[in-house]
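Contents: one structure, followed by commentary.
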Amino acid sequence: DAVTTIYERSVTGRRAFAAPPLDVPERPLDELIPAHLRRTTPAALPEVSEPEIVRHYNRLSKRNFDLDTGFYPLGSCTMKHNPKLHERVAGLPGNARLHPLQDPQRAQGALELMWNLQQSLGEIAGLPHVSLQPSAGSHGELAGLLLTRAYHEDRGGPRRTKVLTPDTAHGTNPATVTMAGYDVVKVGTNPDGGVDVDDLRSKADEQVACLMLTNPNTLGVFDANIEEIASIVHGVGATLYYDGANLNAIMGITRPGDMGFDIVHFNLHKSFTQPHGGGGPGAGPIAVSERIEPYLPKPQVVKREDGAFDLDEDRSKSIGKLRGFQGNYGVFVRSYAYIRSLGSEGLREASEVAVLNANYLLALLRREGVAEYLPAAFDRICMHEFVLSGAPMKRDLGLRTLDLAKRLLDHGVHPPTVYFPLLVDEALLLEPTETETKETLDHFAAVIAEILREAKADPEIARNAPYTTPVRRLDEAGAAKNPVIRQPL
Amino acid sequence: DAVTTIYERSVTGRRAFAAPPLDVPERPLDELIPAHLRRTTPAALPEVSEPEIVRHYNRLSKRNFDLDTGFYPLGSCTMKHNPKLHERVAGLPGNARLHPLQDPQRAQGALELMWNLQQSLGEIAGLPHVSLQPSAGSHGELAGLLLTRAYHEDRGGPRRTKVLTPDTAHGTNPATVTMAGYDVVKVGTNPDGGVDVDDLRSKADEQVACLMLTNPNTLGVFDANIEEIASIVHGVGATLYYDGANLNAIMGITRPGDMGFDIVHFNLHKSFTQPHGGGGPGAGPIAVSERIEPYLPKPQVVKREDGAFDLDEDRSKSIGKLRGFQGNYGVFVRSYAYIRSLGSEGLREASEVAVLNANYLLALLRREGVAEYLPAAFDRICMHEFVLSGAPMKRDLGLRTLDLAKRLLDHGVHPPTVYFPLLVDEALLLEPTETETKETLDHFAAVIAEILREAKADPEIARNAPYTTPVRRLDEAGAAKNPVIRQPL
Amino acid sequence: MSTYTSATDADRRAMLDAIGVDSIDALFADIPAALRLDRPLALPAGMAEQEVYAHLRDLAARNVSAEDEVSFLGAGMYDSYVPALIDSIILRSEFLTPYTPYQPEISQGGLQVMFEYQTAISELTGLPVSNASVYEGPSAVGAAGYLAKLANGRPRVLASRGVHPHSRATLTTLAHGYGQTVEEVPLKDGVTDLDALVAALGDDVSAVVLQQPNFLGSVEDVAKLTAAAKEHGALVICACDPVPLGILQPPGEQGVDIAVGEGQTLGNRLDFGGPSFGFFAASQEHIRRMPGRIAGETTDVDGRRGFVLTLQTREQHIRREKATSNICTAQALNALAGVIYLSWLGRDGLVELGELLARRTAYARDRLAALDGVTLLHEAPVVREFAVRLDADVARVVERLAGEGINAGYRLGRDYPEFDDGLLVAITEQRSRADIDRLAEALGRAVAAERTAAVPAGAGASS
Amino acid sequence: MSTYTSATDADRRAMLDAIGVDSIDALFADIPAALRLDRPLALPAGMAEQEVYAHLRDLAARNVSAEDEVSFLGAGMYDSYVPALIDSIILRSEFLTPYTPYQPEISQGGLQVMFEYQTAISELTGLPVSNASVYEGPSAVGAAGYLAKLANGRPRVLASRGVHPHSRATLTTLAHGYGQTVEEVPLKDGVTDLDALVAALGDDVSAVVLQQPNFLGSVEDVAKLTAAAKEHGALVICACDPVPLGILQPPGEQGVDIAVGEGQTLGNRLDFGGPSFGFFAASQEHIRRMPGRIAGETTDVDGRRGFVLTLQTREQHIRREKATSNICTAQALNALAGVIYLSWLGRDGLVELGELLARRTAYARDRLAALDGVTLLHEAPVVREFAVRLDADVARVVERLAGEGINAGYRLGRDYPEFDDGLLVAITEQRSRADIDRLAEALGRAVAAERTAAVPAGAGASS
């Protein structure tokens, strides 16, 4: 079946749109908008009827793998089940057709939902003040560093120019630091996979604005030295920032606020489940401590004394706005439904089973026939995800991590995150999540073992995989060298 | 990928359902229902969590071909595009959660919609009185014969025992005749594909209750003798029944009522587009002439003098009820939306393009390389569908119509109706519908030509087709001999 | 040009050229001129999608749905919660848009669903044979009557007055066609009168038709009634509400030959009465007399497991006038919703739901019976619906409650003149104790007010 | 056990055995005891699906949405009709549930959508390079500012006061991070004051930020403003409403370097402000400075056409601190809705929609300007939104109309103290002439009433 784009299906004169009737005088456009401000050639949008659009995108959809079809253990992405209730409640007209500038008096349900969600997130984080505004985790990170900047500027003192990040950090962390106008300073990792405390101590000085940390980190390791780390960071007057991408491991078990963090971001689309949409939307709310609160973005959702909810724009020390309106409300609805569905016990159970599933899968992969090729990067109990190294597999079987990933595609499984964290050679980062069954984990482990067995006999099979997918390995280098990023029309 | 049923995914203790809390006293069941009336062993329903249900049925869905993916020229089924608006309006809570016994005063919108739909269908059929009650075309046929029976019984006279049907009739017609307590008498077909009028005349007598006719018939032929036929049938006091399965050919062009029919059924799921749901639901409203009106099923939707709508149960000559409540209202909503979207002109255009598309496809298939193997059963202009005969293909290439159909599956096309009408040897009944593009028809014709070319070189390929489907040819005889129609648990 | 068709002017010209005619009109030459409609259909002009949406939304807004009021209306269809995962599955085009699986190789999804559905219905009813669904409940009763006719050819059918009025009416209408007469067996103390049944039975009785629970909500002693029917060789047809079958003895264990019922309550919307589905299950001996589609398991040429429509020699497209029914399009999508719902409930959930309903119904029954002017219409055991008598005009009481946003239930007088003071109240899992309390309070007030109003002017209110 | 997890007691035992620990608690041993939460989270207990639904439905019912009133509220998001086919596509799990296409072989659907989307945005804006979307409109302006910083490193950014207040605020917030200062260029007669712009320009200006149409609805003469900026080598960033681009000169033809905008109006719901998407297009020279994902066409090892994420060396996961943005999760699903919407409109439809809006807006503007006590705030050309001044307290007038089920528009005083008497009225294709007439009549009455009310007690009504 040849791949055609919607533009290639276009035939002059076809249409899906019927305009509502012109029920007002047909004034010449020249009277309304001067000709020199107007367009002369229409945009070459496709000309297609409704059935063709439906077929085109329906067929395209079948060229995607999705979570509702199979296992998707993409580490650090928390691909947990997306409850179907969430689309129903997000689609209620009272939510879906609510204008963001509606008078707060006539948006009380939405504001109450946001306020309730703020309270819940604050309780989960152990930090009382929440802004829902950021649009994604990385946006939350940026908010966190701008809050840090505002905090330091408000306090006065010498200018701070550096932000510390461990070398295990998500790629978003250093990128965010740069966007916030700081310099990245890397901190090393100790043999247990935690922060190298001595290295941290040596780098923590009065020029440091913040330490950004993920705990458990991207190695799946909970840093047991967190209290000491917090004390070092606070000792130099810096803030401690919690990257919440891995919150799914600890909900109801421990709290960033209790560990000493000042600012936390949540990935609502991870821990609090959102359909990932092929790369969004999501939301990255932040929770902060008392001392950071004055700088939170505006507007803030507040509860007035009479019980009414409102939007507070009157925040003199606020960093301002990070985007339009109040944030990704549609995302809030889904995550709020999730929190209410699971409740206190259910959230803890989610984290417990997430960690149980990860450790069980790790145990299965520690068995003979696998562990000698794909050893765990850290030989200990993991949190909700864990890292394997494909280095022995590469050495002994000539199979790169990428080859293993591609061969998994032929087995109908989405590969784990590959080549991250950077610290581990030929890394594979696996996060099964709590919504997968034991049978699925057993099957996955069996597939890995099978691929390795196959590779021992003939490594070429995996090296040339995949075979059963709509396309096979693609020329990415060529695409980057001569970018064709739109259709010539 | 092994096929597992939902029962085979069941693990004791898993669940998707959380019961609402017991907020009333926990009375022992023995107090409420005597033990001997109660169940002792629970029904062995599957024990699965929500994510597993989603994955199971999502995966199953991918083992279906569907109209939103490809061409579906199933003759006599009118597989036209299903506008997506229809699911939206049918799902409005005022429709979806409306109880059928709601007081008519509080269901005025629904009753108005039904009344409007009745008026529209009456106008399209040229017969003023409509009952929406029947659940499907065959149910409408049964209604029609029960109306015929009531009509004759009410008029008195000798008992009529026979119903005439052409040998081209849909299989539902004779089955319906039997269910209505009549005997089937077949009427022959003339060389042009119409009713053999002489045969009809010879069989039309005072014992005949009705002639059931499809016009255009299942050969895709419009019977030009319809006026004469009507006069013969009416001459013996019988009713003339119009099987509306082929109404898609004539909307706004000619009307059954004007041809002399007394009773018409509509397949709303065909001409007035409904998603076919893998075999339902549909609806089979009927329209009748003045003299049949008194016998229509109850309740009838009526408009009172004050403009209010109501359900009239007070119909002394009514045949009674054919089902519970008022019919498949959800289906009515969709078809009403369709009629309002297209309007008078659009409906006529639909029929025109349906006939244009059919004739165009027929013209393409009359070309060399195809026509010698798959000649048209009637070498003339067709209506919205047409019949080919695979007899030369079978004789010259050793390929049965079934083989051609199975080979089409490998090309991603749904085969036409096969082995119907019975009159034509190795028949293929093709109905492209108006919502298909010229390109799709061109492609289909090219695929047919390609399969025939291929078969000339090697007929075994098609004889063993399909190859690319989730399963290949299935043992239907074995299934019928030793029926396994439920899972042993 | 319609937005659902694609034929541009250029397309039309090219296509007409290929056909060899010069206008679309020429394609309709077979239709005699006198029969050609010489004017446009008298229908409104087409509208843009947004206009159609607005029109239908405005119509829908003029209905009072179970979303708008606290509803205790049941009587055959119930405001059960439809879990969201059902929508997400049945709206997939792969389930929504294909037709009957005539080509099994590309219809395995739909066929396996039928097989799973048949298994679930067989489990629920305790009968080995289920078809893949029929239209809905009352016509399923009519279809069961036709099966009895095919099976034993006897002329009389006895139907309990506890069978849904729509089912009895449908059975009567259809039986008139296939040549049986339907007689009624009266109720006594809320259940089918066994003595009357015994008196009516004879060797000319084709079938006895029961309902479980019956229209008044009562749990019938089906086994006892069945035993009486069997003595005369009559078949027993039982129309069952499927949800209570989680806690009630299944008809297959009670000697019932054919169990049918309305499937709406299994994951289908109310939809003002349809589409839903009817289920149809029977004992093994009737397998080749079943109406409708049946899916069966088999293997393909490579030995892979697969599913097909089977026993098709029963069906209209093969057997024509000898078919066991004329059903062609049935309710596959609604049956899919049904089997998803049953999988969602699961083994334990169906029982829990039945128990919850029984307990909430008992609570509601006690609560209402304790009101002044309200008494029980019968004391038979109930599961999800019960009947009371009001010492006031029922229509006026119901109207009063409607004004408070409460739909009090079904006025029995609409179908049972003998219960003109009767109100049938249904409880679903969506009606909480608080809702029931609200009903009780409002009903108490309304009955009191109507009793007062009914007292002749000048007379004092009767305490 | 949660209904979203599957670990039964038996599963747990088997899994713990395989791990070699005796409790789940043991898996958390790394967490210091002092940091373990010694109590349950202070959150409500979990609820059944039907209860969560009822709770959220009740909350939603307390909002007045565009379904409930006739709304003329715009100011950045618009109550455009979202065609139903968008839902049917974006709710397919294959689009809804995957993540970023890290494995292109099993993500061709999503990648091709990005490619088609980029093409559509490039066509709309007249600029050759589009990314696959950013978060939303105002933050897209901020991201464009960052690109300008990366491109020329200059310290000053000039933003027209006609740029959406949220965009200006966001730009200011972000620029404070990456080290630029934002200054405002005032408006004159409803459009950006060219003289003031020229006066503010200098060789230290990194970028000039405009909006088309601007916040007051005015069509700016972008080309003229751009020419001024170019003289100083400043980049021009223009935030565009995409729908009017069907009839307005595309920014790429006006010398704009970076065109961004809010995509909500392209097939996305209002959703109380999000999620929607922002588009981001630029001239060729900025291709390697673009933020976010970009899809590109390529071939696979068998020569088949395919799509990949490309130019990834810009991105955070490769380049880390040298990345051109930190965007990881963006708005792929919303951008999909956008490209479906644009395909639905099609080449002619986008123009027709623009013309319809322009004519209805002109009608509404005339209609309102003719009212007593209502005058135009400016006379610049408009397409879908315009501003009037009321001779009465705007908040009170708006409140009066709300009582009649009309949302009159946006009170300009919320952001522009100089227009405290201003009301910004938006017209969408869902607001018919009848709706506009209703607004005009109600507004006329309300203004009259409020003028009267404002007259000191005892004095007669004016005129």
Side-chain angles (χ1 to χ4, degrees), chain B residues 16-17 19 23-24 33 43 45 57 60-61 63-68 89 92-94 96-98 100 106 109 135-136 138 171 174-176 180 184 222 275-282 320-321 323-325 328-330 343-344 346 359-360 363 437-438 469 471-472 474-475 479 484 486-487, chain C residues 6 15 18-19 30 40-41 43 45-46 56 59-60 62-67 89 93-94 96-97 99-100 105-106 108-110 119 122-123 135 138-139 166 169 173 177 269 271-275 296-298 300 306 310 316-317 320-321 323 326 329-333 344 349 352 363 381 433:
Chain B
F17 171 70
D23 51 4
V24 297
I33 303 156
L45 299 178
Y57 288 105
L60 273 192
S61 78
R63 296 165 67 87
N64 273 355
F65 181 87
D66 70 298
L67 179 62
D68 282 355
V89 291
L92 289 166
R97 288 192 71 189
L98 181 58
R106 285 184 276 279
S135 304
S138 51
T176 302
V184 177
F222 188 91
H276 281 66
K321 287 183 195 293
R323 52 160 292 161
F325 311 114
N328 283 342
Y329 174 77
S344 169
N359 279 286
Y360 177 66
T437 62
K438 178 175 173 295
T469 46
V471 293
R472 298 181 55 216
L474 289 148
D475 182 5
V484 178
R486 62 152 288 178
Q487 177 136 27
Chain C
S6 297
M15 292 162 84
I19 298 165
D30 281 344
L41 288 169
L43 297 174
L56 274 103
L59 284 175
R62 292 172 50 217
N63 303 323
V64 180
S65 81
E67 195 86 7
I89 295 166
S93 59
E94 292 87 344
L96 191 70
T97 70
Y99 208 5
T100 308
E105 297 88 348
I106 52 166
Q108 285 298 298
T119 303
S122 174
E123 278 295 318
Y135 302 134
S139 57
H166 293 180
T173 298
R269 317 192 290 210
D271 272 345
F272 201 43
E297 186 175 336
T298 188
D300 79 353
T310 194
Q316 41 73 27
H317 63 287
R320 299 176 75 89
E321 56 266 42
N326 68 343
T329 298
Q331 308 292 122
L333 193 71
W344 179 72
E352 291 166 20
Y363 174 79
R433 177 184 185 144

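Chain letters run A, B, ... following the sequence lines, proteins first, then strands; residues in each count from 1. Because the structure is a prediction, the values reported are computed rather than measured.
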Under 3.5 Å: donor-acceptor pair, side chain of N326(C), backbone of A175(B)
no
Grab the two heavy atoms, one from Y135(C) and one from S138(B), that are nearest each other, plus how far apart they are.
OH-OG, 2.8 Å
Has T298(C) got a side-chain atom pairing as donor or acceptor with D475(B)'s backbone, closer than 3.5 angstrom?
yes
Measure distances from A96(B) to the heavy atoms of chain C and classify the residue's part below 4.5 Å as side chain, backbone, both or neither.
both
If you take all heavy atoms of D66(B) and S93(C), which pair is closest and at what distance?
OD2-OG, 2.9 Å
Heavy-atom closest pair, residues N328(B) and Q331(C):
ND2-OE1, 4.1 Å
Proximity breakdown for L92(B) and chain C, heavy-atom pairs closer than 4.5 Å
side chain
Keeping the roles fixed (side chain from T119(C), backbone from Q487(B)), state whether a donor-acceptor pair exists under 3.5 Å.
yes
Inter-residue atom distance L96(C).CG - H276(B).NE2, 0.5 Å rounding:
11.0 Å
Which atom pair, heavy atoms only, marks the closest approach of P40(C) to S344(B)?
CB-OG, 3.5 Å
Can you give me the closest heavy-atom contact between V64(C) and L98(B), atom names plus distance?
O-CD1, 3.4 Å
Here the pair of heavy atoms bringing D30(C) nearest to F222(B) is O-CD2, 3.7 Å
Keeping D271(C) on the side-chain end and Y329(B) on the backbone end, is there a donor-acceptor pair under 3.5 Å?
no
Max heavy-atom pairs within cutoff under 4.5 Å with chain C, candidates A479(B), A363(B), A136(B), G346(B), goes to A479(B)
Between CZ of R472(B) and CD of E105(C), what distance do you get to the nearest 0.5 Å?
9.5 Å
Whatever's closer than 4.5 Å to a heavy atom in chain C on V89(B) counts as side chain
Test your reading of the model: is there a side-chain donor-acceptor pair from T97(C) to the backbone of L67(B), 3.5 Å cut-off?
yes
Residue, of A43(B), S135(B), P275(B), G278(B), that accumulates the most heavy atom pairs under 4.5 Å with chain C
G278(B)
